[in-house]
Participant: 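Let me give you the structure first, and then I'll get to my questions.
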Protein chains: 2
Amino acid sequence: MIELNNITMRYSMAGTVITVLRDLNCSVAAQERVAIVGPSGSGKTTLLLLMTGLEQAQSGSVRINGNALESMDRDQRADLRRKEIGIVFQSFHLIPSLSARENVALPLDIGGTADSSARADEMLSRVGLSERRAHYPAQLSGGEQQRVAIARALVHRPGIIFADEPTGNLDEATGQSIMELLFDLKKESGATLLLVTHDPAVAMRCDRTLRLQEGRLHDTAAPSSE
Amino acid sequence: MIELNNITMRYSMAGTVITVLRDLNCSVAAQERVAIVGPSGSGKTTLLLLMTGLEQAQSGSVRINGNALESMDRDQRADLRRKEIGIVFQSFHLIPSLSARENVALPLDIGGTADSSARADEMLSRVGLSERRAHYPAQLSGGEQQRVAIARALVHRPGIIFADEPTGNLDEATGQSIMELLFDLKKESGATLLLVTHDPAVAMRCDRTLRLQEGRLHDTAAPSSE
Ligand SMILES: Nc1ncnc2c1ncn2[C@@H]1O[C@H](COP(=O)(O)OP(=O)(O)OP(=O)(O)O)[C@@H](O)[C@H]1O
Ligand SMILES: Nc1ncnc2c1ncn2[C@@H]1O[C@H](COP(=O)(O)OP(=O)(O)OP(=O)(O)O)[C@@H](O)[C@H]1O
Ligand SMILES: [Mg+2]
Ligand SMILES: [Mg+2]
């Protein structure tokens with residue numbers, strides 16, 4: 001389902017090269033729930049961007065459902081994302097000029113689905129935001145924006161769900177109900193779940209936890225093992 | 001130090017009025033460490049914006065160090081903030097066109113301090129970001145942006161530190177070192193600390209925890225008491 005082979009990723013800035021991922025390998029099976037943990041700045045978001053084709057590594061290969069991303073052009077990668085992937089970004093990336101409802105309906109509108117508003121309403125209700133449908137992102141709390149981003153990532157029932165710190169702005173109770181939703185949807189649609197998280201409670205509910213350290217992934221026995 | 005009396009805050013949108021805070025009262029003594037907890041969407045950020053004069057309530061009064069904010073104009077409130085307050089925003093609000101170092105130096109530059117770069121470097125080192133000084137916000141991880149926002153809020157040694165979910169994007173270890181820094185600085189400069197947080201570990205380290213529920217603040221015995 002998701003395969004990374006010998007991935008090396010560097011960022012170049014004026015006079016400096018930062019090697020974030022070094023010869024990294026990773027394999028996620030269909031329907032697996034994997035948590036990715038590691039210190040701030042270790043490269044978790046970078047890893048997610050590579051897995052979803054939004055960044056490209058200097059060397060190595062990424063396969064999503066058998067498709068090698070490095071041999072696809074920008075439009076083909078965008079197509080793959082639209083059909084098969086849902087992404088919750090660490091900084092949400094909501095569209096400021098669209099309401100919560102319009103933001104959530106967007107993946108369905110782009111795909112030409114007829115009942116996009118009804119399905120957006122249903123997903124917003126599942127994240128507890130029925131009463132905030134008409135609000136624009138600037139009229140929502142931090143955790144409400146996060147939940148709109150989550151609803152948008154799930155509304156088109158993607159086969160792979162990537163979430164970058166999906167409970168970072170949520171109190172414990174709301175965070176737990178969001179995890180319930182993610183795991184329920186995974187059961188309903190057989191999705192694969194890849195969750196970057198700082199929350200041990202989230203990692204503990206996954207099948208496997210990978211720790212990112214010094215640019216490489218290590219299996220861990222338990223999320224809080226040090 | 002911080003006094004709120006009979007604060008009622010509403011947001012008006014097309015055809016709807018949302019009452020977020022109802023007749024709310026709150027008093028924080030000098031050098032106290034107070035945590036504010038409550039569900040996503042309950043009004044914590046709104047409360048912080050009112051306490052810092054960045055929003056104005058429909059009724060009630062806010063006093064900071066004896067100054068009634070509602071009888072000050074915009075410039076006077078901006079002056080008060082610059083001299084006496086440090087704010088860590090939930091969405092950071094870093095300036096995209098300035099490097100990490102320039103962002104952190106900004107409160108000192110505005111205040112006309114001579115050694116602003118040296119002091120910015122010192123604070124960046126205390127949040128573990130010496131090697132990221134030249135990066136622009138877009139070249140930083142989520143937790144690194146959060147730490148730059150924290151450094152910027154502390155660099156001018158304000159008498160009151162407001163922080164809106166300062167550990168939301170940080171792993172446990174980095175989050176703990178940031179809390180150490182906040183509490184050390186509070187000891188060094190006698191600052192008052194007001195922390196909005198979803199993290200029980202943060203609340204437990206404070207002198208008092210207030211829970212925001214149905215628009216009002218309630219004292220709690222312990223952060224996780226339900
Ligand atoms: N465009 C860029 N140019 C240079 N360096 C970058 C760029 N983007 C990210 N970095 C650096 O790469 C490293 C990894 O960033 P990444 O966002 O993947 O970390 P992360 O593990 O998601 O951290 P966090 O938990 O704080 O979100 C960081 O140290 C960051 O400063
Ligand atoms: N400009 C606005 N117009 C209308 N409603 C708003 C506006 N800003 C915030 N709200 C609403 O006011 C309520 C309180 O928002 P606030 O940002 O204070 O919550 P919060 O407690 O900080 O939540 P979180 O923990 O998710 O950050 C939310 O339900 C939000 O939708
Ligand atoms: Mg990240
Ligand atoms: Mg908030």
Side-chain angles (χ1 to χ4, degrees), chain A residues 11-16 18 20 37-46 48 89-92 99 127-129 131-147 164-165 167-175 177-178 196-201 203 211-213 223-224 226, chain B residues 11-16 18 20 37-46 48 89-92 99 127-129 131-147 164-165 167-175 177-178 196-201 203 211-213 223-224 226:
Chain A
Y11 289 112
S12 304
M13 293 167 52
T16 307
I18 296 171
V20 181
V37 302
S40 168
S42 55
K44 305 177 297 298
T45 294
T46 300
L48 221 71
F89 294 97
Q90 188 169 7
S91 58
F92 319 149
S99 68
V127 299
L129 291 179
E131 298 183 12
R132 294 290 180 268
R133 289 193 304 232
H135 286 230
Y136 287 85
Q139 298 168 320
L140 292 170
S141 78
E144 289 170 344
Q145 291 175 19
Q146 185 157 41
R147 285 181 274 160
D164 200 341
E165 306 203 27
T167 59
N169 281 278
L170 303 175
D171 55 285
E172 213 166 329
T174 310
S177 65
I178 289 302
V196 165
T197 183
H198 284 312
D199 188 347
R211 173 167 297 276
L212 189 51
Q213 215 147 12
S224 50
E226 281 305 317
Chain B
Y11 289 113
S12 306
M13 292 169 52
T16 307
I18 295 171
V20 181
V37 301
S40 168
S42 55
K44 306 179 295 298
T45 294
T46 300
L48 221 70
F89 294 97
Q90 188 169 6
S91 58
F92 319 149
S99 68
V127 298
L129 290 179
E131 298 184 14
R132 294 289 181 267
R133 290 191 308 228
H135 287 230
Y136 289 85
Q139 297 169 320
L140 293 170
S141 77
E144 289 170 345
Q145 291 175 22
Q146 185 157 42
R147 284 181 274 161
D164 199 343
E165 307 202 25
T167 60
N169 281 278
L170 303 175
D171 55 284
E172 211 165 328
T174 309
S177 66
I178 289 301
V196 166
T197 185
H198 284 312
D199 187 347
R211 173 166 297 277
L212 189 50
Q213 215 145 12
S224 51
E226 282 304 319

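Reminder, nothing fancy here: chain letters follow the sequence lines and each chain counts from 1.
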Participant: Can you say whether A:Ile18 sits under 4.5 Å from chain B via the side chain, the backbone, both, or neither, judging by heavy atoms?
Facilitator: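 The side chain, not the backbone.
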
Participant: May I ask you to decide if A:Gly168's main-chain N or O and B:His198's side chain share a donor-acceptor pair within less than 3.5 Å?
Facilitator: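 Looks like no, no N/O pair under 3.5 Å.
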
Participant: Do you know which two heavy atoms are closest between A:Gly142 and B:Gln90, and how far apart they sit?
Facilitator: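 Here A:Gly142 and B:Gln90 meet closest at CA-NE2, 3.6 Å.
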
Participant: Flag the one option from A:Thr45, A:Leu170, A:Thr197 with the top tally of heavy-atom pairs under 4.5 Å to chain B.
Facilitator: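 Answer, by heavy-atom pair count under 4.5 Å with chain B: A:Leu170.
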
Participant: Quick one: which of B:Gly143, B:Gly128, B:Ser42 has the most heavy-atom pairs under 4.5 Å with chain A, could you say?
Facilitator: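 Maximum pair count with chain A is reached by B:Gly143.
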
Participant: Side chain, backbone, both or neither: which part of B:Ser40 has an atom under 4.5 Å from a heavy atom of chain A?
Facilitator: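 Both backbone and side chain of B:Ser40 come within 4.5 Å of chain A.
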
Participant: Pick one of side chain, backbone, both or neither for B:Glu165, based on which atoms fall under 4.5 Å of a heavy atom in chain A.
Facilitator: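 For B:Glu165, side-chain heavy atoms alone lie under 4.5 Å from chain A.
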
Participant: Less than 4.5 Å to any heavy atom of chain A: does that hold for the side chain of B:Leu129, its backbone, both, or neither?
Facilitator: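 Contact with chain A involves no heavy atom of B:Leu129 at all.
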
Participant: B:Gln139 versus chain A, heavy atoms under 4.5 Å apart: side chain, backbone, both or neither?
Facilitator: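 For B:Gln139, side-chain heavy atoms alone lie under 4.5 Å from chain A.
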
Participant: What residue, out of B:His135, B:Glu131, B:Glu144, B:Arg132, has the most heavy-atom pairs lying under 4.5 Å from chain A?
Facilitator: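 Option with the top pair count is B:His135.
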
